[in-house]
Amino acid sequence: MCHVIVTCRSMLWTLLSIVVAFAELIAFMSADWLVGRAKPSSPEELDNRTGGPQEPYRPTLGIYGRCTRIPHMQFSRRDTLCGPYAENFSEIASGFWQATAIFLAMGIMILCTVAFVSVFTMCVQSIMKKSIFNVCGLLQGIAG
């Protein structure tokens, strides 16, 4: 009975470790760190589906990505384009954002390593008399 509980706990920990690693990666890639004020659409911009005005546009900025609205060549309607604004590390918005990028990248690497190692804890639970769970938990705390 005790072995079943330990196995279920380690499976839950493994699943949550993988989920957290992916969530951190998605947060890093997101362009929604800073969201600007809503800019109302002009009267000539109508939603093709409803015939009413489009949803107000909100410019966004992430660590190295942003979303901006650009006009199409063929249409008077505008659209949103998301992508990186920084081609290299020195073009990231500020020194604080560069530090954030470094710390987040290091944390994501640690979390991904722990998620990978946690899969193997189903078979091996200790190495050299050290619990893998304790070591990985410590690494997750450092990454956080």
Side-chain angles (χ1 to χ4, degrees), residues 1-42 45 47-50 52-144:
M1 181 70 176
C2 183
H3 181 67
V4 173
I5 292 172
V6 170
T7 303
C8 289
R9 241 184 354 191
S10 66
M11 286 180 10
L12 179 63
W13 174 70
T14 299
L15 179 65
L16 289 176
S17 295
I18 293 169
V19 168
V20 168
F22 278 117
E24 283 287 323
L25 185 60
I26 290 169
F28 183 76
M29 302 298 286
S30 174
D32 293 333
W33 284 61
L34 294 176
V35 179
R37 289 187 188 169
K39 296 181 179 181
S41 55
S42 59
E45 293 178 351
D47 190 344
N48 291 338
R49 291 172 284 160
T50 63
Q54 289 182 347
E55 190 175 309
Y57 162 68
R58 292 180 178 273
T60 62
L61 178 68
I63 290 180
Y64 74 96
R66 69 176 173 193
C67 291
T68 58
R69 187 172 255 182
I70 59 167
H72 284 293
M73 296 287 215
Q74 307 166 357
F75 309 106
S76 63
R77 187 178 148 243
R78 296 175 178 236
D79 211 20
T80 303
L81 175 71
C82 295
Y85 69 84
E87 294 295 322
N88 57 44
F89 185 74
S90 63
E91 292 178 356
I92 292 179
S94 73
F96 291 113
W97 285 54
Q98 290 173 349
T100 301
I102 290 170
F103 287 122
L104 264 177
M106 287 176 15
I108 290 168
M109 286 185 350
I110 292 170
L111 287 174
C112 287
T113 302
V114 168
F116 181 73
V117 168
S118 69
V119 173
F120 295 107
T121 61
M122 300 293 170
C123 302
V124 179
Q125 295 181 356
S126 65
I127 295 177
M128 296 177 3
K129 297 182 181 180
K130 295 286 183 187
S131 170
I132 294 175
F133 300 111
N134 291 344
V135 173
C136 287
L138 176 66
L139 288 174
Q140 285 178 328
I142 291 169

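Side chains included, hydrogens not; waters and symmetry mates left out as well; all remaining heavy atoms used. Positions are given from 1, in the same order as the sequence printed here.
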Q: Where the side chain of Tyr85 meets the backbone of Cys67, is there a donor-acceptor pair that is under 3.5 Å apart?
A: no
Q: Could you name each residue pair satisfying side-chain hydrogen bond (donor to acceptor under 3.5 Å, both in side chains) that touches residues 135-144, not counting sequence neighbours?
A: Trp13-Gln140, Ser17-Gln140
Q: Look at the side chain of Ser118 and the backbone N and O of Ala115, then say whether any donor-acceptor pair between them is shorter than 3.5 Å.
A: yes
Q: Side-chain donor-acceptor pairs under 3.5 Å in residues 87-96, sequence neighbours left out?
A:
| unit_1 | atom_1 | unit_2 | atom_2 | d |
| --- | --- | --- | --- | --- |
| Asn88 | OD1 | Ser90 | N | 3.3 |
| Asn88 | OD1 | Ser90 | OG | 2.8 |
| Asn88 | OD1 | Glu91 | N | 3.4 |
| Glu91 | OE1 | Glu87 | N | 2.8 |
| Ser94 | OG | Phe96 | N | 3.4 |
| Ser94 | OG | Trp97 | N | 3.3 |

Q: Distance check, rounded to the nearest 0.5 Å: Ile102 atom CD1 versus Gln98 atom CD?
A: 7.0 Å
Q: Side chains of residues 103-112: which donor-acceptor partners sit under 3.5 Å, not counting sequence neighbours?
A:
none

Q: Phe116: which residues meet the ring pair (Phe, Tyr, Trp, His ring centres under 6.0 Å) condition with it, sequence neighbours left out?
A: Phe120
